[in-house]
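In this text, all values refer to a predicted model and were calculated from it rather than measured experimentally. What's counted below: heavy atoms across the whole structure, side chains too, no hydrogens, waters or symmetry copies. Residue numbers begin at 1 in each chain, while the letters A, B, ... track the order of the sequences.
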Protein chains: 2
Amino acid sequence: MSYKEKKVLPIGAVSELTGLSLRKIRYYEERGLLLPERSNGGTRKYSFNDVEKLMDIANHIEDGMQTFEIKKMQKKKKQKEKVRDEMIRGQLNAAFRMSK
Amino acid sequence: MSYKEKKVLPIGAVSELTGLSLRKIRYYEERGLLLPERSNGGTRKYSFNDVEKLMDIANHIEDGMQTFEIKKMQKKKKQKEKVRDEMIRGQLNAAFRMSK
DNA sequence: CGTGTAAGGAATTCTGACACG
DNA sequence: CGTGTAAGGAATTCTGACACG
């Protein structure tokens, strides 16, 4: 796994990087838009990927989009990626069979 | 600047990533092998680059090298990089003059 | 709904020092 | 020299709640 995915940043760093308040960051998590890890003590740990996701979320919020709509978009995006991956895998399998 | 250089990790995360104790991490800084940033409150902030540097340091320590020796090595390494960069710049300038 | 804030407590980090070797 | 540890304090984060709208 690359640095971008490592869950290591404390919420304060994320707040500085994104410009979002601690309240907002925690609220977006509450709405399921984000899933940081937790330390043994219970403190949140974020990745740089989470930071990017948050900036994306912030943009949508600014545009007047509601959290549940953003949540929907995330699901659709994941669905698209899934389909695309299955397509690729299918093509590869087909090509593999052809090669024999 | 890339994620790798951003000073954002708290010392606890660095400890987990490197497997080094907090004491060791702070001590290597005291010896000048490392220069994390500080938050307003005074807490240390590390980059992934610092994490890599620490694993390097740990290896040298295991080999019985002393901190001042590691410090020397770091200086030599920097010197080499500097010379190399100047070489490249020189070559580029020469090529540029030739092209006119 | 999305966000600010005050409140009390818990987790994290800080420094300087003593210990051992 | 390099590292562990106990000590006291400060910075950071956590949760649940009230407020506004």
Undergrad: Nearest-Å distance, CD1 (Ile11(B)) to P (dT13(C))?
TA: 7 Å
Undergrad: What is the distance, rounded to the nearest whole Å, between atom CG of Leu9(A) and atom C1' of dT13(D)?
TA: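 Spelled out: CG on Leu9(A) to C1' on dT13(D) is 15 Å.
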Undergrad: Out of curiosity, His60(B) NE2 to Lys71(B) NZ, how far, rounded to the nearest 0.5 Å?
TA: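 His60(B) atom NE2 to Lys71(B) atom NZ measures 14.0 Å (nearest 0.5 Å).
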Undergrad: Separation of Leu20(A) atom CG from dG2(C) atom P, in whole Å?
TA: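 Distance check: Leu20(A) CG to dG2(C) P gives 14 Å.
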Undergrad: Group every Ile, Leu, Val, Met, Phe, Trp and Tyr by side-chain heavy-atom contacts under 4.5 Å, then state whether Leu35(A) and Tyr28(A) land in the same group.
TA: no
Undergrad: Which base sits across from dT5(C) as a Watson-Crick or G-U pair, both distances under 3.5 Å?
TA: dA17(D)
Undergrad: Establish, yes or no, whether a centroid distance under 6.0 Å links the rings of Phe48(B) and Tyr3(A).
TA: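 Yes.
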Undergrad: Consider only side-chain heavy atoms of I, L, V, M, F, W and Y, link residues closer than 4.5 Å, and tell whether Leu22(B) and Val8(B) are in one cluster.
TA: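 Yes: a chain of side-chain contacts under 4.5 Å links Leu22(B) to Val8(B).
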Undergrad: What's the CD1-P distance between Ile25(A) and dT12(D), to the nearest Å?
TA: 15 Å
Undergrad: Quick one: do Phe68(B) and Ile25(B) end up in the same hydrophobic cluster if we chain Ile, Leu, Val, Met, Phe, Trp and Tyr together by side-chain heavy atoms under 4.5 Å apart?
TA: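 Different clusters: Phe68(B) never reaches Ile25(B) through Ile, Leu, Val, Met, Phe, Trp or Tyr contacts under 4.5 Å.
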Undergrad: How does protein contact run along nucleotides 3-8 of chain C, one letter per nucleotide 5' to 3', with B for base contact, S for sugar-phosphate only, - for none, heavy atoms under 4.0 Å?
TA: BBB---
Undergrad: Could you tell me how far apart Glu30(A) (CD) and dT15(D) (P) are, to the nearest whole angstrom?
TA: 10 Å
Undergrad: Applying the side-chain contact (heavy atoms from CB on, under 4.5 Å) criterion to Tyr46(B), which one of Lys6(B), Glu29(B), Lys53(B) satisfies it?
TA: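 Testing each of Lys6(B), Glu29(B), Lys53(B) against Tyr46(B), the sole residue satisfying side-chain contact (heavy atoms from CB on, under 4.5 Å) is Glu29(B).
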Undergrad: Relative to the 5' end of DNA chain D, which residue comes earlier, Ala13(A) or Gln66(B), by the nucleotide with the nearest heavy atom?
TA: Gln66(B)
Undergrad: Can you list, in residue-number order, the parts of residues 35-48 of chain A that come under 4.0 Å of DNA chain D, counting heavy atoms only?
TA: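 Under 4.0 Å from DNA chain D: Arg38(A), Gly42(A), Thr43(A), Arg44(A).
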Undergrad: Which of these passes side chain to side chain donor-acceptor pair (under 3.5 Å) with Asp50(B): Lys7(B), Lys4(B), Lys45(B), Arg44(B)?
TA: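 That would be Lys7(B).
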Undergrad: Restricting to side chain to side chain contact (heavy atoms under 4.5 Å, CB included), what partner residues turn up for Glu86(A), sequence neighbours left out?
TA: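 Checked Glu86(A) against side chain to side chain contact (heavy atoms under 4.5 Å, CB included); matches are Lys82(A).
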Undergrad: Can you tell me how far C1' of dG2(C) sits from CD1 of Ile57(A), to the nearest Å?
TA: 13 Å
Undergrad: Minimum heavy-atom separation for Leu9(A) to Val14(A), with atom names?
TA: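 That closest heavy-atom pairing would be CB-CG2, 4.0 Å.
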Undergrad: For Arg26(A), which contact category applies under a 4.0 Å heavy-atom criterion: base, sugar-phosphate, or nothing?
TA: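 Base, at least one base heavy atom under 4.0 Å.
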